[in-house]
Amino acid sequence: MATTPVSRRLPAQAGELIDRSRPLAFRWDGRRYVGLEGDTIVSALLANGVDVFSRSFKYSRPRGVLTGSFVDPGCTVQVGDEPNVRGAHRRLEAGMDVRPQNVWPSLRFDVKSANRLVGRFLTAGFYYKTFIKPQRLWPAYQQVLSRFASGGVTSEQNVHGYYDKRYVHVDVVVAGAGPAGMSAALAAADTGASVLLVEEEYELGGHLRYSGEQSLSTLSDLRAQVAARPSIEVMTDAVVTGRYDDNWVAVLQRHVVGAVERLVKVRAGVLVAAPGLIERPYVFDGNDLPGVMLSTAMRRLINLYAVEPGERAVVLTANGDGDAAVADLTRVGVDVVGVVDGRAGETIRRATGRGRLQAVELEDGTVLPADLLVTATGWTAPTSLLNMAGDRPVWNVTAARFVPSGTDLPSTVLATGGVVGDGGPEDLMAHGRAVGTLAGERAQGRAGGTVPTLPCAPHPAMFRASTHGFVDFSEDVSSKEVVAAAMEGYDSSELVKRFTTATMGPSQGKLETINTIAVLSEATGRAIEDLGTTVWRPPYAPISLGALAGRVFEPTRVSPMQGWHEQHGAVPLLAGQWIRPDHYGDAAREARNVRENVGIIDVTPLGKLELNGPDVPQLLNLVYVNKWSKLAVGSVRYGVMCAEDGVVMDDGVTGRLADDRYLMSTTSSGAATVWEWLENWLQTAHPDWQVHVTPVTTAYASINVAGPKSRELMQRVVEGGDLSTEAFGYMQVREGRIAGVADCVLWRIGFTGELSYELHVPASYGLHVWEELLEAGDDLGIRAFGVEAQRILRLEKGHLIVAQDTDGLTRAHSAGLGGIVKLDKDDFAGKPELAWHERFALATAPRLVALQPVDPTAVPPEASQIVTPEGDILGRITSSRMSPALGHGVCLAQVDPAVSAAGTVVTIRLPGGGDIAATVQEDLAFVDPEGVRLRA
Amino acid sequence: MIRIPCPHCSARNSAEFRHVGESATRPDPSTVTPEQWRAYLYERSNPAGWTTETWFHTVGCRRYITVERHTVTNEIRAARPAGRDGRGGREPAEVLSTRADSGSPDAGGQA
């Protein structure tokens, strides 16, 4: 449907941001419009005569411009696939496809506006009382309610944008580049400090940009000075969004080149908050109608974007900015049909109109037809950053706003400009200069100086007319609801906020706090200064999750043999940051081959620590539960570590390579923990011990060689060593050359129930030795095996895995390790608890047992519960596999001692439903329980 | 985020450290009762005020340090190598297993 294009564009205005020579075509709600370079989305639409941009959250009321700034509640729109764009801030770009949000089916006719008919039932907190019963209707409620939920649209197909991060160390951060902020930055730079000046708008200047010719001239001068100082870094379209301990400051930069957003993490010497003042809406019936706006909104529209805000205006003014608004309107030819002066005690009663403003009713009953109502009834100081630094704002009765108290701030946080007090540009600049000098001096360690004052000017206390209106436009909370909440007992700031949701919308109280508290004060009879504000928390401005996530680095660790594994079809297993070969196609076959011939597995992630010094045995005695003083050179011993609560922490073997040199191995998952555990004892409890710990997990590539033919294989690659069982028996260690590589460590250990060796090869030769083994063992039937096959083998052997067969409560005895705890040792980690456990808890503490399912094909999933006939829990399956060697399932389980005797039949409840039976075994090991093959 | 003045490395972001916990005196294991031992394992005074605690400089010097910090303001008034506190005692900083929350990249997943 074609309509004559409307133009509300004014002739050229001094200080306008638009470039009339550069038109930009864009779409709004499906139709084509043209704006100008420099327009915001909303100013371009207003210039085209469009003045309704959204519908409100609860009542679906049409909304237009109110504040004309980032926080304008009615100007949130969808741009392409980006939801929740602040249309009164975002610059227009050619080709933008802009759509309204939260409209169904369209902006013009929104079914949900019927909500106004049931508004009585949608008062604050209605969702605490409705849509609760019957519970079975919740899915239906959700379907309907999601239609009513506010917000834009995002698609899972959206490509993840690139978000950047940057770290900055700077002497002074100035948040806000109005006259005071710019002056502070200049003065700080002049003391020799480095300065970061952060401004929310696209250009510096704050209110100087739209306050007339004199201000523009001052602004131009300030900008030139800032540009002339290389020690001031300027960020525009950026906002200081949080201040944390020690002036750790978060700055969000929007629309940087090469990234969607950038989160800048700043460690600042001194933070100067110069955010100015935010204009406050007035509360009255009809205060959300399109056509009702704040004086700052109107002055921005005229002076920055040359947009005529209306044709017939009424202005409610209570301060100089309201008076200047009248002057601006008159200057551009808008018919000002009424000026209501708050300082003279005058006010308006209500605004009326269908879908937009049509008339303003004054307190005396006069009705003035108008399409524009401008209010200038007061200010809110955005003290957030100061609050985050510990300041508690105080109510200034004369100025009718909260101001920083300044008493609880650290000396490294300062404030200047409108947030502190009032004044013309000269006053603000002088204050800014004084504060900036102080900031620069303090940041460079030159103490002294007091913070200068900037007094507040008196201002009438105007919050609400004689009628009720919205206090929170985003959340659709009216003053009537605040009163009702107070009546229901929610009568403190914190309670009324949470019950009504006032101040909980996107602007987070910037527009709502004072009005809400003023109405609460009315309703409760308590003074505003006693009620106080709610707590201001970061972020001050919204941050996308992408900016918080930044670039995501996921390092991976691989052994030197990983390339070989990949080439040979290894299926990868992610274990912590390590990528390991899980199997090469058939884990059962790999396991069978180990028992029949020989297999090799890459166990490089195994934790390894070299221990040097004469006091190593003392350390080993302290951290292990067994005895280590008599470990001879060339011997290896298995050890278990418990924490001070007696809970099993780690296990592994430690070998003595020389008098003062030991190699300790830990589980792969425990590598880091055990290193720190040792350091803990050495650094803090026994600094007198002469022990040095060196982590060598990645210095060695580790290979486990297992199977009846493993000796034969090793003899072919180990140089000059007698590997007969007499010369190199079970649990012994040697150093030497393997496959031509010097400095290898070789020990005979085994937890698979087969004859086996473990090689630790200097890492850069790992692949070479791996390949030599495969070649040398070719005629022996050698195959590589992976982690899965090893799991099967060790389970068949009944060897526990810490943190798989044990948990955060499993003490040594409950893991079948009671036998190796030597309580006759001197003090060791966990001794008291282990002693008490042995004396008092053995009869009742869980035990580790091996279970064989009665049905040979059954392999109960790990974590299946073991239950009594009544369904009470007796334990759980901790490990479970099908055994290729035995042809039936094999399990380890933690069970109640009452059912732990060999031969007991227990019931396992499968997660999918159904029970199976299993028999407790005599031994944990199903294969080679006597250890004969192991010791061959 | 707070800065920890590591005695070896100077002031560093707390993200470089692992917070180990409030310092405690290890009772004599040969004479302690189960109640006293378990109080040592699990109970700490957790004041709103000055506290003495240990931090481990995970990605720095890898030393344990004892820090005196005010838990409300996060002001730090002292930081010294752990194990050499003013009382002359030597206490282990770690008491329970950190297996679950060791954020160190060395950790290798299941065995």
Side-chain angles (χ1 to χ4, degrees), chain A residues 244-246 248 265 267 390 555 557 573-578 580 603 605-607 641-645 647-650 667-673 675-677 679-681 683-688 695 697-698 787 790-791 794 801-804 808 826-829 831-833 835-836 840, chain B residues 1-4 11 13-15 18 20 23-24 26-34 36-38 40-42 54 56-58 61-66 72-76 81-85 89-111:
Chain A
Y244 304 91
D245 286 298
D246 252 340
W248 183 240
K265 300 184 178 182
R267 181 70 76 182
R557 313 181 85 180
L573 169 73
L574 230 69
Q577 285 176 338
W578 289 94
R580 309 187 63 181
V603 292
L606 190 77
M641 290 184 193
C642 293
E644 292 269 65
D645 54 0
V647 171
V648 177
M649 210 178 99
D650 206 80
T667 61
S668 328
S669 51
T673 312
W675 179 20
E676 285 175 25
W677 183 243
E679 285 295 334
N680 165 51
W681 289 102
Q683 287 179 29
T684 61
H686 299 282
D688 49 318
T697 302
T698 51
V787 175
Q790 185 181 62
R791 292 250 172 91
R794 70 92 200 174
I801 292 180
V802 172
Q804 163 102 15
D826 284 345
D827 184 29
F828 62 90
K831 179 180 176 182
E833 286 290 352
W836 295 322
F840 304 118
Chain B
M1 92 164 94
I2 68 176
R3 276 184 295 189
I4 313 275
N13 283 349
S14 56
R18 177 163 59 81
V20 178
S23 303
R26 187 170 189 255
D28 181 352
S30 59
T31 55
V32 72
T33 66
Q36 290 164 341
W37 185 254
R38 282 147 198 180
Y40 166 65
L41 292 181
Y42 306 118
T54 330
F56 179 68
H57 201 176
T58 350
C61 56
R62 294 192 67 84
R63 307 297 294 181
Y64 285 88
I65 60 174
T66 296
V72 177
T73 61
N74 278 331
E75 192 192 331
I76 290 177
R84 290 184 192 102
D85 62 310
R90 291 182 191 140
E91 309 303 336
E94 310 263 25
V95 166
L96 301 171
S97 171
T98 58
R99 180 177 259 278
D101 49 44
S102 170
S104 170
D106 253 11
Q110 289 277 313

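Chain letters run A, B, ... following the sequence lines, proteins first and then strands; every chain starts at 1. Values in this document were obtained by computation on a predicted structure and should not be read as measured data.
- Nearest heavy atom pair, residue B:P29 against residue A:P832, reads CB-CG, 3.7 Å.
- In terms of heavy atoms, A:W675 sits closest to B:R62 at CH2-NE, 3.1 Å.
- Under the rule for a salt bridge (Lys or Arg N to Asp or Glu O under 4.0 Å), A:R267 has no partner lying at least two apart in sequence or in another chain.
- For the residue pair A:W248 and B:M1, the shortest heavy atom distance occurs at CD1-N, 3.0 Å.
- No part of B:T31 comes within reach of chain A, as not one of its non-hydrogen atoms sits under 4.5 angstrom from that chain.
- Between A:D245 and B:T73 the shortest heavy-atom distance is OD1-O, 4.1 Å.
- Neither the backbone nor the side chain of B:V20 comes within contact range of chain A, judged by heavy atoms closer than 4.5 Å.
- Heavy atoms closer than 4.5 Å to chain A are found nowhere in B:S14, neither backbone nor side chain.
- For A:D826, no part lies near chain B; criterion is any non-hydrogen pair under 4.5 Å.
- Put simply, of A:N680, A:D827, A:D246, the one with the most heavy-atom pairs under 4.5 Å next to chain B is A:N680.
- Remark: A:E644 engages B:R26 in a salt bridge (Lys or Arg N to Asp or Glu O under 4.0 Å) (not counting sequence neighbours).
- Using a 4.5 Å cut-off between heavy atoms, B:I2 contacts chain A through both its backbone and its side chain.
- A pairwise comparison of heavy atoms in A:W677 and B:V95 identifies CH2-O, 3.7 Å as the closest pair.
- A heavy-atom distance below 4.5 Å is not found between the side chains of B:E94 and A:E679.
- Comparing A:K265, A:E833, A:K831 by heavy-atom pairs within less than 4.5 Å of chain B, the highest count is held by A:E833.
- Between A:E676 and B:R18, some side-chain heavy-atom pair lies under the 4.5 Å cut-off.
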